[in-house]
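The block underneath contains the structure these notes are about, expressed in structure tokens.
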Amino acid sequence: MIYLDYNATTPIDKKVYHAMLPYLESEFGNPSNSYELGLLAKGAVENSRKQVSELLGAKSSEILFTSCGSESNNAVIKGVAYTFRNKGKHIITSCIEHPSIMEPLSFLKKNDYKVTYLPVNRQGSVNPKDLRNAINEETILVSIMHSNNEVGTLQPIGELGEICRERGVLFHTDASQSIGKVDINVSRLPVDFLTLAGHKLYAPKGIGALFIRDGVEIESFLHGASQENGRRAGTENVPYIVALGEAAAQARKHLDQNDLMPIRDYFYNQLKEVFGSNIHLNGDPVHRLPNTLNVSFVGENGAQILAALPELCASTGSACHSGSKTISPVLAAMGVEEEIAFGAVRFSVGRYTTKQEIDHAMKLLKGYGFSIASC
């Protein structure tokens, strides 16, 4: 098996796995208890909070642990919508956001909120001028992803955030795909909220975090007891919180190694050498995640290619089944022609990807019977 789908999920780092084990076995205390087992658990949670805050350049008090990136996104959108409902009911996002942004906004639209979806250019980037023109006196929140999960394009978050600050509007970015791949420091980045997902960071599925800048108060997403400084009820998932903390610590070390881009570019160069003009790069060629390679096999169907090569683990935003055809909504929003969009495959490399695996992937692709595909 050749795993080239690190944007979908990552394997658990061995150091992360071993860090969490004691809290699944002997150190099983509840952080809310004041005896030794509870205090040990509480100390572990707070140490992890510090590790995550150090990765983001935040204060420990600004880190809230959640169950996943989707919960973090829902907590921001619904929390801001409820808290500031008397100020306004207008929210701005982009047309290429993750479903965990789009669906909460669809829910709010059913409850008299207005949503503006900013367009993107051919590279998948939002134009800051469009944001400036979209903000009005009713706007209470802007949510723009830090990087796109399909094509890897990095948004101009700094410029977008400055516009929001000038206009007194809260700004959220879903950085689930970016954390651990590019340097993000919230002390320099003008964001009020930032989402992190553990399973994109070599931690287990089922753990996430949300940065909430000090001084910003929103209604809690989960009500109950006073865990997480009263911001999120529920007994803390100590083993997974410890795992996320260790994953954050490991991510800080790997950020300096810059080992993702060379292997991604090696793969891209191999593809161009073999397939020539039949390979089309989707997304920004420069301002994108260092691990993400979304390419179209022009005239082919990406879903069919992957179905024919089960040994190769990658993703596609298109579908081809039951006689119907759909292309990735992201590529459609970018204005990519159908002939190109249908052939799209997202390859994403990670910490454990080797050149030998890339060579094997190329061997598999060369063996595929390329011709114009149809459903």
Side-chain angles (χ1 to χ4, degrees), residues 7 73 76-77 80-81 88-110 113-167 169-178 189-195 280-289 292 294-296 316-319 325-344 346:
N7 281 11
N73 288 342
V76 171
I77 291 171
V80 169
K89 289 190 173 184
H90 179 230
I91 296 174
I92 300 172
T93 190
S94 83
C95 60
I96 60 169
E97 297 293 317
H98 189 270
S100 60
I101 295 293
M102 294 298 203
E103 291 305 311
L105 291 175
S106 293
F107 167 78
L108 290 178
K109 285 171 67 177
K110 296 175 184 176
Y113 285 79
K114 295 179 181 179
V115 180
T116 296
Y117 300 93
L118 300 179
V120 294
N121 63 16
R122 180 80 181 199
Q123 286 72 46
S125 183
V126 170
N127 187 333
K129 291 181 180 178
D130 290 335
L131 174 60
R132 189 180 296 277
N133 293 334
I135 293 176
N136 60 49
E137 59 185 17
E138 297 290 319
T139 307
I140 56 174
L141 176 68
V142 173
S143 180
I144 305 290
M145 58 176 31
H146 191 276
S147 62
N148 183 261
N149 49 300
E150 285 191 35
V151 298
T153 297
L154 293 161
Q155 298 295 345
I157 296 299
E159 192 172 353
L160 298 173
E162 288 297 342
I163 291 171
C164 290
R165 282 192 173 178
E166 290 171 10
R167 302 292 292 273
V169 175
L170 293 172
F171 185 47
H172 164 249
T173 188
D174 180 352
S176 298
Q177 285 294 352
S178 299
L189 200 64
V191 298
D192 300 293
F193 309 97
L194 182 143
T195 291
H280 174 86
L281 178 66
N282 297 310
D284 194 295
V286 177
H287 301 292
R288 61 184 162 118
L289 293 173
T292 304
N294 189 308
V295 294
S296 288
T316 174
S318 63
K325 293 183 179 182
T326 61
I327 65 173
S328 157
V330 171
L331 297 183
M334 290 165 54
V336 178
E337 295 83 357
E338 283 196 358
E339 182 188 39
I340 295 175
F342 273 118
R346 181 194 69 185

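If you read the sequence from its start, that first residue is 1, and numbering goes on from there.
- Judged purely by atom type and a 3.5 angstrom limit, R288 has no side-chain atom pairing as donor or acceptor with the backbone of V151.
- Here I327 contributes atom CD1 and E337 contributes atom CD; the two are 9.5 Å apart, rounded to the nearest 0.5 Å.
- S178 contributes atom OG, which lies 8.5 Å from atom CG of L194 (distance to the nearest 0.5 angstrom).
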Query raised in the report: Given H172 and N73, is the side-chain contact (heavy atoms from CB on, under 4.5 Å) satisfied, shown in steps?
Result: CA-CA 9 Å; H172 164 249; N73 288 342; 3.2 Å; yes
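- Residues V330 and E150 share a closest heavy-atom pair of CG2-OE2, 3.5 Å.
- Heavy atoms only, all atoms of each residue included: Q123 and P285 are closest at CG-CD, 4.3 Å.
- When all heavy atoms of M334 and G283 are compared, the pair lying nearest together is CE-N, 3.7 Å.
- Side-chain contact between V120 and C95 is present, with at least one heavy-atom pair separated by less than 4.5 Å.
- A donor-acceptor contact closer than 3.5 angstrom is absent between the side chains of E97 and S143.
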Requested in this report: List the steps and the verdict of side-chain contact (heavy atoms from CB on, under 4.5 Å) for D192 and V76.
Outcome: CA-CA 10 Å; D192 300 293; V76 171; over 6 Å; no
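- Contact record, M145 with T173: C-OG1, 3.4 Å, taken as the closest heavy-atom pair.
- Side-chain N or O atoms of R346 include none that pairs as donor or acceptor with a backbone N or O of G152 at under 3.5 Å.
- Residues I77 and L105 meet the side-chain proximity criterion, which asks for heavy atoms closer than 4.5 Å.
- How far CD1 of I140 is from CD1 of I135: 12.5 Å, rounded to the nearest 0.5 Å.
- Listed here is the closest heavy atom pair of H90 and N136: ND1-ND2, 3.5 Å.
- Here the CG atom belonging to D174 is positioned 10.5 Å from the NE2 atom belonging to H146, to the nearest 0.5 angstrom.
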Query raised in the report: Hey, mind stepping through C164 and L131 against side-chain contact (heavy atoms from CB on, under 4.5 Å) and telling me if it holds?
Result: CA-CA 9 Å; C164 290; L131 174 60; 4.1 Å; yes
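- Under a cut-off of 6.0 angstrom, the local environment of CD in E162 is crowded, with over 12 non-hydrogen atoms contributed by other residues, nucleotides or ligands.
- To the nearest 0.5 Å, the span separating CG on L118 from CG on N127 amounts to 9.0 Å.
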Query raised in the report: Run the side-chain contact (heavy atoms from CB on, under 4.5 Å) check on I163 and F171 step by step: do they pass?
Result: CA-CA 9 Å; I163 291 171; F171 185 47; over 6 Å; no
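- Applying side-chain contact (heavy atoms from CB on, under 4.5 Å) to N282 and the options T153, N148, I340 leaves one that passes, I340.
- Between the side chains of S125 and D284, no donor N or O sits under 3.5 Å from an acceptor N or O.
- Closest approach of I96 to G124, counting heavy atoms only: CD1-O, 3.5 Å.
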